[in-house]
Amino acid sequence: MHTAASSGDVSLETAREKVSHYFAAAPTGVELVKTEQWIPTINKTRIEKMYDKVGQTRISRTWVLPGMNHKDTALMYLVNETLVGNKNSPLYNRLVDDLQIATSVSGYAHGRLVSGEYSLTIDVKPGVDPAHVLDVVDEVIADYLRDGPSAEITENAKLSVNMYMLGTLESKSTIGRFLAEGQLYAGDPLAVKQEIEWYNSATTGELRAVANRWLSRNYYQLTLEPFPELVTKDSAVDRSTSPPVTEVSDIQFPPIETTVLDNGMNLVVATRGSIPLVDVSIQIDTGNTANSQEAPGTANAVFGLLQEGTRDYDAYELAAELDRIGMNARSSAGNERSSFGFRILRTNLDESLELAAEMLRYPTFPEDELDKIKQQLFAVLATIEKNPTRFANSYFSRAMYGADSPLGMIWTPQLVNDFSVDKLREFHEREIAPDNMTVFMIGDITLDEAKKSVESAFSSWKAKSDSRRQPIGAATASEPRVILVHQPDAVQSMIVAGHAIDPYDPEVSTELTLMNGVFGGAFESRINMNLREDKSWSYGVRSRVSRNASGDQTFAVAGSVQTDKTMESMQEIMREYEEYVSDRPATAEELERVKLNRTRSL
């Protein structure tokens, strides 16, 4: 809804004709949510102090008020006028003229859409103790709350309001503002007349009552004082450069032990520390690459529902059991490998593994829980339809690997609707079994202890997997191209730019990590320093290497930039790519920085 107010030498008919002519075809906007009035409660008076480069101490004290169009907020304007508004008002007179302990006192009452505030500001005379000033302020306010303002000063305040309102009639723009604000905020262009009526009919008793309703509440107070005179001691330390790191602690990795259980489950244990905690990560050799063509999101749904009900527990009972032993389980599907993990107290390890076996072996995939997942996905898709940048990485993967690849899957409402309990159970039966699982344990536990606990929970599970996991294979994108996804009125553009590289090779993985660290993998990397720090076109742009063991990987730059700098940002990204592999490779200084960061962060 738009509001137009015209004031001056113009008739209603003429104004309507002009507004209709120029604005009737204006495009409609989005529906706005109107926030209801809400008056916050300050549970406790809060008093703070800060310092700045100022010449005298200033005290500010603020109380909450109702919002605009509320009678109390209007009358608090008169309270302010009769308390501090002029030379004869009690607080001003006492602080500035009588005791001369402040150089100025002011206040204001202001109503906003949601709530309002009343504030006092006192500039303390240099050399006067602010605590003494506050004692006087509290005393004068207490007198006002007890006795209210005098009749004379109240009438003077009303006269001041009326003279101000009469003065506004000389300004057509001010009249127009009153009319527009009245219509916009109160639904009545003449709402100001009600406010004037409140002012003129107010009694001293009403002002005292209003002041008691609001000024007797808790408040926020800030005292701003000049910086104290401090002297810096002479120092012999050279602060022009960072202190050198002369010694690096040796990194002591715990020994890693492995074994295989009779049912084919692998166990890897790293014993470390004396804290009675164990980190458990169960890695399962399946994921999105095992999805069928007609149900490409199945792996995500299966691992998303493992904790929503089993043979022995419904979702709520299972959640209660997990809470009872402090087990915060996490499960997720990856492309080539999926995971189920948690951290647990050593004393609760056996129980946690029993529950893990229950969830991995006997999930029921309840229909009602699947429906909840579907509704969540529909909500995400609705958001993405309005903001497709959320799917930028998925669009990039589809462009790189093709629509038929497991990495080319794009969520659609049809895919979500096609989910069924039968499909989830079929995926679980063939893909999740002990012989394609590896249990990693790190913490206060030995290999023998871990093996005993895992066997107790999993040894009776003898099933064999029949995985349909397919290799990712080669990327299909070979020729340079630009793909645009249009998002009207976007304030930022999401850019993903990259290309395919060879499959994962442990012999060159470290070099790739170092290269990425220089190019775009860290805050101080080239691409981020260019687009964020130098150009100020982005909050942050990074590069990454995807890790695929069964097919081509990708190296890509991704980040959001100003809409009006989209083309220029793409040009800068391409320039950085080209220069890195031609005349501006990684320098020794950049490489050393990344090496030190990677090793010392361990």
Side-chain angles (χ1 to χ4, degrees), residues 265 279-292 294-335 337-344 348-384 409 411-434 436-437 439 454 457-458 460-461 463 465 467-469:
M265 180 178 283
D279 287 295
V280 180
S281 177
I282 303 175
Q283 298 294 312
I284 306 154
D285 291 333
T286 188
N288 294 317
T289 52
N291 289 329
S292 61
E294 65 275 10
T298 305
N300 295 94
V302 166
F303 281 89
L305 287 169
L306 288 180
Q307 299 182 54
E308 302 304 329
T310 68
R311 179 187 63 179
D312 293 340
Y313 304 99
D314 64 26
Y316 301 101
E317 292 169 340
L318 182 58
E321 285 297 297
L322 295 172
D323 288 343
R324 182 178 60 81
I325 61 173
M327 180 180 175
N328 183 19
R330 306 168 304 279
S331 55
S332 63
N335 291 326
R337 174 174 283 190
S338 302
S339 65
F340 181 97
F342 55 92
R343 167 175 282 189
I344 198 72
N348 292 336
L349 177 63
D350 289 351
E351 284 188 274
S352 70
L353 290 172
E354 293 289 346
L355 286 174
E358 176 77 13
M359 288 180 274
L360 289 166
R361 189 175 182 181
Y362 301 117
T364 54
F365 307 116
E367 193 76 52
D368 59 334
E369 297 296 340
L370 177 59
D371 287 340
K372 293 176 185 177
I373 294 289
K374 287 183 177 181
Q375 294 308 312
Q376 292 170 5
L377 290 172
F378 284 135
V380 171
L381 290 175
T383 299
I384 290 172
M409 190 271 286
W411 285 103
T412 66
Q414 185 60 49
L415 287 179
V416 178
N417 276 322
D418 287 345
F419 278 152
S420 68
V421 171
D422 289 340
K423 289 180 180 179
L424 303 190
R425 288 173 176 165
E426 190 271 333
F427 180 97
H428 171 265
E429 183 177 352
R430 74 168 190 264
E431 298 293 334
I432 301 179
N436 70 346
M437 291 183 183
V439 181
V454 174
F458 288 93
S460 64
W461 191 5
S465 62
S467 181
R468 297 181 188 174
R469 192 175 62 158

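Bear in mind that the values here come from a model prediction, so they are computed numbers and not experimental data.
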Please assess F340 against I432 for the test side-chain contact (heavy atoms from CB on, under 4.5 Å), listing each intermediate value before the final yes or no. CA-CA 11 Å; F340 181 97; I432 301 179; over 6 Å; no
Once you round to the nearest 0.5 Å, how far does [atom1] of [X] lie from [atom2] of [Y]?
| X | Y | atom1 | atom2 | value |
| --- | --- | --- | --- | --- |
| I384 | T412 | CD1 | OG1 | 11.0 Å |
| N288 | S338 | CG | OG | 7.0 Å |
| D350 | L355 | CG | CG | 11.5 Å |
| L377 | L415 | CG | CG | 10.0 Å |
| M327 | E321 | CE | CD | 11.0 Å |
| W461 | R361 | CH2 | CZ | 7.0 Å |

Between F342 and V280, does the side-chain contact (heavy atoms from CB on, under 4.5 Å) criterion hold? Intermediate values first, please. CA-CA 5 Å; F342 55 92; V280 180; 3.7 Å; yes
Could you go through the side-chain contact (heavy atoms from CB on, under 4.5 Å) check for T298 and L424 one step at a time? CA-CA 6 Å; T298 305; L424 303 190; 3.8 Å; yes
Can you give each donor-acceptor pair under 3.5 Å made by side-chain atoms of residues 365-372, sequence neighbours left out, with the distance rounded to 0.1 Å?
residue: E369; atom: OE2; partner: K372; partner atom: NZ; Å: 3.3

Under 3.5 Å donor-acceptor pairs involving side-chain atoms of residues 301-311, not counting sequence neighbours:
residue: Q307; atom: NE2; partner: A329; partner atom: O; Å: 3.1
residue: T310; atom: OG1; partner: D312; partner atom: N; Å: 3.4
residue: T310; atom: OG1; partner: Y313; partner atom: N; Å: 3.2
residue: T310; atom: OG1; partner: E358; partner atom: OE2; Å: 2.8
residue: R311; atom: NH1; partner: Y362; partner atom: OH; Å: 3.4

Does E317 CD have over 12 foreign heavy atoms under 6.0 Å away?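 Yes, the 6.0 Å shell around CD holds more than 12 heavy atoms from other groups.
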For R343, does the CZ atom sit with more than 12 other heavy atoms under 6.0 Å from it, leaving out its own atoms?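 No, the 6.0 Å shell around CZ holds no more than 12 heavy atoms from other groups.
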Mind checking what makes side chain to side chain contact (heavy atoms under 4.5 Å, CB included) contact with [X], not counting sequence neighbours?
| X | answer |
| --- | --- |
| Q376 | I373 |
| S420 | D422, K423 |
| E354 | S456, A457 |
| R469 | D285, T289, A290, E336, S467 |

[X] versus [Y], closest heavy-atom pair with distance:
| X | Y | value |
| --- | --- | --- |
| A463 | P434 | O-CD, 3.4 Å |
| I284 | E431 | CG2-O, 4.1 Å |
| G297 | F419 | O-CZ, 3.3 Å |

Could you tell me whether a side-chain N or O of N436 sits under 3.5 Å from a main-chain N or O of S465, the two making a donor and an acceptor?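 No; zero donor-acceptor contacts below 3.5 Å.
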Can you tell whether the side chains of E426 and R430 come within less than 4.0 Å, N to carboxylate O?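 Answer for the salt bridge query: yes.
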